[in-house]
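Notes to accompany the following structure.
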Amino acid sequence: MSMYGRDPWGGPLEINAADSATEDERSRNLNDYDRAALSNSRPLDETQQSWLLGQGEQKKKKKYVDLGCIIVSRKIFVWTVGSILVCGLLAGLITLIVKTVPRHHGKHGPPDNYTLALHKSLMFFNAQRSGKLPKHNNVSWRGNSGLQDGKSDTSWTLKDLVGGYYDAGDAIKFNFPKSFAMTMLSWSVIEYSAKYEAAGELAHVKEIIKWGTDYFLKTFNSSADTIDRVASQVGSGDTSGGSTAENDHYCWMRPEDIDYKRPVFDCHSCSDLAAEMAAALAAASIVFKDNKAYSQKLVHGAKTLFHFSRQQRGRYSAGSAEAATFYNSTSYWDEFVWGSAWLYYATGNNSYLQLATTPGLAKHAGAFWGGPDYGVLSWDNKLAGAQVLLSRLRLFLSPGYPYEEMLRTFHNQTSIIMCSYLPVFTSFNRTKGGLIQLNHGRPQPLQYVVNAAFLATVFSDYLDAADTPGWYCGPTFYSTDVLRDFAKRQIDYILGKNPRKMSYIVGFGNHYPKHVHHRGASIPKNKVKYNCKGGWKWRDTSKPNPNTLVGAMVAGPDKHDGFHDVRTNYNYTEPTLAGNAGLVAALVALSGDGSAKIDKNTIFSAVPPMFPTPPPPPAPWKP
């Protein structure tokens, strides 16, 4: 007899009565069948597994956590998650405490003397402004002046010559030294914008430069491509032959009170003036390169002026007795090299570099011969500055042929100039107090000293940036530290480390000139208008100036370290724009803790990548 039943997994199950076993044996057999079926079927879900697995195995399963990629102990999992949460809470709590508890910042060290003097020296330009002054000019005793400049002169076609700067202690606006001053300021900003920024003066110095360049754009037809004249001067100072005509030298008046006519001088053949103005606008265009419209306007004006300087040859002072008396130009060849170098940097046009490296041009400028004033940078002679500027190109870009030969010459000449500044050489004497006599004992020495200090510092920084530790003077090698030490010693002399223990910058230190040769500073602002001769009493008084001309660097001591603080002696006590511009450049170059370096690349913004042209092949050999 047989009995048929139904297999729960879908197949027939036959049970023979003869072969039947006890219940326990059948149960064990079914268990074996179940496990065999499980091993050959699809994976079961948790519910199905719970039917088949005993309670003991289920409890064992719960001791682990399946994370998908791995299975970990539940205890380890709980401890890990708990630790992460606790650490997160602690981190959040610490962050909250740090942010809410007041911090006590350590005080920075006091600014160095160069930075302190820089703040003051820039203020001198605010005091020299002509025209309608901005509200934030910050010189309480100055006001609007020169608002009729250009308008009363019937011979001048461009009627608006309002603005710009007064040159020195008078109210004359000389474009020749003023444009050199703006070029020097722009050069210092291009090289040391990070230092100006650190001192909080970058916006200020750029505003000073723009005040000057805005005025230059008024002195010629800046929208034209070609011009035939440039304004060279506003105001007159001729007192020759005992002239008593009212002008800016005969009268002693506050600029705000001037009521006499101020003539405009122009020139039709003035290569030196036009090329220097072109340099000023070209250098400023790099300073303002982020203001594209204004920068392009400056570049266009610079091109127009330089073209005019090349077409209409002549010295500006040859056609003006006043220019020859006060700011006589000895040559225009140095301005050609200087102006073309700046225009190359501003435009990237190789024609300007070709001109700057033309041997004939350099020869006329005096690059191949010495002379007593060789290496002296001034408002009259820019050759030393041009050679340093072009050495920069060789050090960082090395354009190669066909410029290499002249650039190497300029580089070598620059090295010779730097050697001449060192005490071991006898090119220039020094006073007993250590002041280098770059003008050979003549009056007003400081304007030349500050320019040399700037050149020495910036050339030292060029060498450092080019990973060059120094330079040779003959067989002797000197480190760049020697140049910086020279610059520091000269500027320290001006700041007060001299035999008289006197600072030659007004307002710096405790002992400085009190009788500065300056009309605006010497006449009180007391609502009284002093006429042409009425101001003479303020010129001749022995009392200190009622107004402090902060930041003005006076003309300086004599060759014996002597100084007479007398208002009527301008050879000691008169400041100038050109002198103060060189001072600002030297001070910013020396300022700071040494962490900020020169800006290697900004000056090359418009220069295309260098792909040197190979030299021509040698001539074919002939037997």
Side-chain angles (χ1 to χ4, degrees), residues 120-131 139 141-142 145-146 149 163-182 184-185 208 211-212 215 232-239 247-256 258 262 265 317 320 322-329 378-380 439 442-451 494 504-507 512-513 515-523 535 538-539 545 547-556 564-584:
K120 294 183 181 296
S121 60
L122 286 168
M123 285 303 298
F124 172 72
F125 292 89
N126 292 44
Q128 294 300 105
R129 277 178 170 153
S130 177
V139 181
W141 46 271
R142 280 302 321 279
S145 63
D149 285 352
Y165 293 97
Y166 299 125
D167 172 65
D170 50 34
I172 302 178
K173 297 191 287 194
F174 291 106
N175 279 3
F176 191 49
K178 185 195 304 182
S179 52
F180 172 71
M182 294 302 108
M184 288 295 288
L185 290 180
I208 289 170
W211 191 271
Y215 175 76
S232 59
Q233 177 182 331
V234 176
S236 173
D238 183 16
T239 57
N247 65 27
D248 294 290
H249 278 183
Y250 181 77
C251 299
W252 195 269
M253 302 175 67
R254 297 178 69 243
E256 294 81 358
I258 290 176
R262 288 160 53 79
F265 294 81
S317 53
S320 170
E322 291 214 11
T325 301
F326 302 118
Y327 283 103
N328 183 51
S329 173
S378 72
W379 52 264
D380 176 32
N439 65 337
R442 295 188 293 269
Q444 307 174 29
L446 296 188
Q447 58 180 312
Y448 309 103
V449 173
V450 292
N451 290 339
I494 295 171
Y504 292 110
I505 300 176
V506 177
Y512 53 82
H515 304 81
V516 182
H517 182 94
H518 192 275
R519 285 160 177 77
S522 64
I523 302 174
W538 300 109
R539 178 194 64 189
N545 288 352
N547 306 311
T548 303
L549 187 61
V550 174
M553 183 185 74
V554 295
H564 301 287
D565 191 7
V566 179
R567 189 178 297 107
T568 52
N569 195 332
Y570 58 84
N571 279 329
Y572 288 102
T573 59
E574 186 171 25
T576 64
L577 279 180
N580 253 71
L583 172 67
V584 167

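If you read the sequence from its start, that first residue is 1, and numbering goes on from there.
- Within the 3.5 Å criterion, the main-chain N or O of Gly535 finds no donor-acceptor partner in the side chain of Arg519.
- With Arg129 contributing its side chain and Ser145 its backbone, the two residues share no donor-acceptor pair below 3.5 Å.
- Side-chain contact check for Leu549 versus Pro575: some heavy-atom pair is nearer than 4.5 Å.
- Without hydrogens or angle criteria, Asn439 side chain to Pro443 main chain gives a donor-acceptor distance under 3.5 Å.
- Here the straight-line distance linking atom OH of Tyr165 with atom CZ of Phe124 works out to 10.5 Å at 0.5 Å rounding.
- Between the side chain of Thr548 and the main chain of Val550, no donor-acceptor pair closer than 3.5 Å is present.
- Residues Leu185 and Ile208 meet the side-chain proximity criterion, which asks for heavy atoms closer than 4.5 Å.
- What you find for Tyr448 and Ser378 is that their closest heavy atoms are CE2-CB, 3.6 Å.
- With sequence neighbours excluded, the residues that form a side-chain contact (heavy atoms from CB on, under 4.5 Å) with Val139 are Met123, Asn126, Ala127, Asn137, Trp141, Arg142.
- Annotation for Pro177 and Ala578: closest pair O-CB, 4.2 Å, computed over non-hydrogen atoms.
- Every residue was checked against the ring pair (Phe, Tyr, Trp, His ring centres under 6.0 Å) condition with Tyr166, not counting sequence neighbours, and none meets it.
- Residues forming a side-chain contact (heavy atoms from CB on, under 4.5 Å) with Tyr250 (at least two apart in sequence, or on another chain): Thr239, Thr244, Asn247, Cys532, Lys533, Trp536.
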query: What do the steps show when you test Met184 against Asn451 for side chain to side chain contact (heavy atoms under 4.5 Å, CB included), and what is the final call?
result: CA-CA 9 Å; Met184 288 295 288; Asn451 290 339; 3.8 Å; yes
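- Scanning for side-chain hydrogen bond (donor to acceptor under 3.5 Å, both in side chains) contacts around Lys173 gives Asp149, with sequence neighbours left out.
- Closest approach of Ala581 and Ala181 over heavy atoms only: CB-O, 3.5 Å.
- Two residues are said to be in side-chain contact when any heavy atoms from C-beta on lie closer than 4.5 Å; Val554 and Asp565 fail this criterion.
- Residues Trp379 and Leu577 form no side-chain contact, since every pair of their non-hydrogen atoms from C-beta on lies 4.5 Å or further apart.
- A donor-acceptor contact under 3.5 angstrom links the side chains of His249 and Asp170, judged on distance only.
- Distance check: Ser320 OG to Tyr327 OH gives 13.5 Å after rounding to the nearest 0.5 Å.
- With respect to Lys178 and Asp167, no salt bridge is recorded, no charged nitrogen being found less than 4.0 Å from a carboxylate O.
- Put simply, CD1 on Ile523 and CZ on Arg539 are 10.5 Å apart, with the number rounded to the nearest 0.5 Å.
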query: Does the pair Leu446 and Ile494 meet the rule for a side chain to side chain contact (heavy atoms under 4.5 Å, CB included), with working shown?
result: CA-CA 8 Å; Leu446 296 188; Ile494 295 171; 3.9 Å; yes
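- Under the rule for a side-chain hydrogen bond (donor to acceptor under 3.5 Å, both in side chains), the partners of Arg567 that lie at least two apart in sequence or sit in another chain are Asn545.
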query: Given Thr568 and His517, is the side chain to side chain contact (heavy atoms under 4.5 Å, CB included) satisfied, shown in steps?
result: CA-CA 6 Å; Thr568 52; His517 182 94; 5.7 Å; no
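- Looking at residues two or more places apart in sequence or on another chain, you find a side-chain contact (heavy atoms from CB on, under 4.5 Å) between Gln233 and Ile172, Phe174, Phe265, Glu322.
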message: Go through it in stages, so that I can follow the logic: the residues are Tyr504 and Tyr512, the test is side chain to side chain contact (heavy atoms under 4.5 Å, CB included), and I'd like the CA-CA distance, side-chain angles, deciding distance and then a yes or no.
response: CA-CA 6 Å; Tyr504 292 110; Tyr512 53 82; over 6 Å; no
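- Every residue meeting the side-chain hydrogen bond (donor to acceptor under 3.5 Å, both in side chains) condition with Ser329, not counting sequence neighbours, appears here in chain and number order: Asp272.
- With values rounded to the nearest 0.5 angstrom, Gln444 atom CD is found 5.0 Å from Asn571 atom CG.
- Under the side-chain hydrogen bond (donor to acceptor under 3.5 Å, both in side chains) criterion, Ser522 pairs with Trp252, not counting sequence neighbours.
- The environment of Tyr570 atom OH is sparse: at most 12 non-hydrogen atoms of other residues, nucleotides or ligands sit within 6.0 angstrom.
- One side chain, Asn328 or Ser317, offers a donor N or O that lies under 3.5 Å from an acceptor on the other.
- Annotation: salt bridge (charged side-chain N to carboxylate O under 4.0 Å, His left out) contacts of Arg442 (sequence neighbours excluded): Asp373.
- Proximity of a side-chain donor or acceptor of Gln128 to a complementary backbone N or O of Ala168 within less than 3.5 Å is detected.
- Here the closest heavy-atom approach between residue Phe176 and residue Ser179 is recorded as O-OG, 2.9 Å.
- Heavy-atom minimum distance, Ala171 versus Asp248: CB-OD1, 3.4 Å.
- When side chains are defined from C-beta on, Val566 does not count as touching Tyr572, because their heavy atoms never get closer than 4.5 Å.
- Qualifying ring pair (Phe, Tyr, Trp, His ring centres under 6.0 Å) partners for Phe180, counting only residues two or more places apart in sequence or in other chains: none.
- With sequence neighbours left out, the ring pair (Phe, Tyr, Trp, His ring centres under 6.0 Å) criterion links His515 to no other residue.
- Annotation: the span from Asn580 atom CG to Lys120 atom NZ amounts to 13.0 Å, rounded to 0.5 Å.
- The CD atom of Gln447 sits 12.0 Å away from atom CG of Leu583, with the distance rounded to the nearest 0.5 Å.
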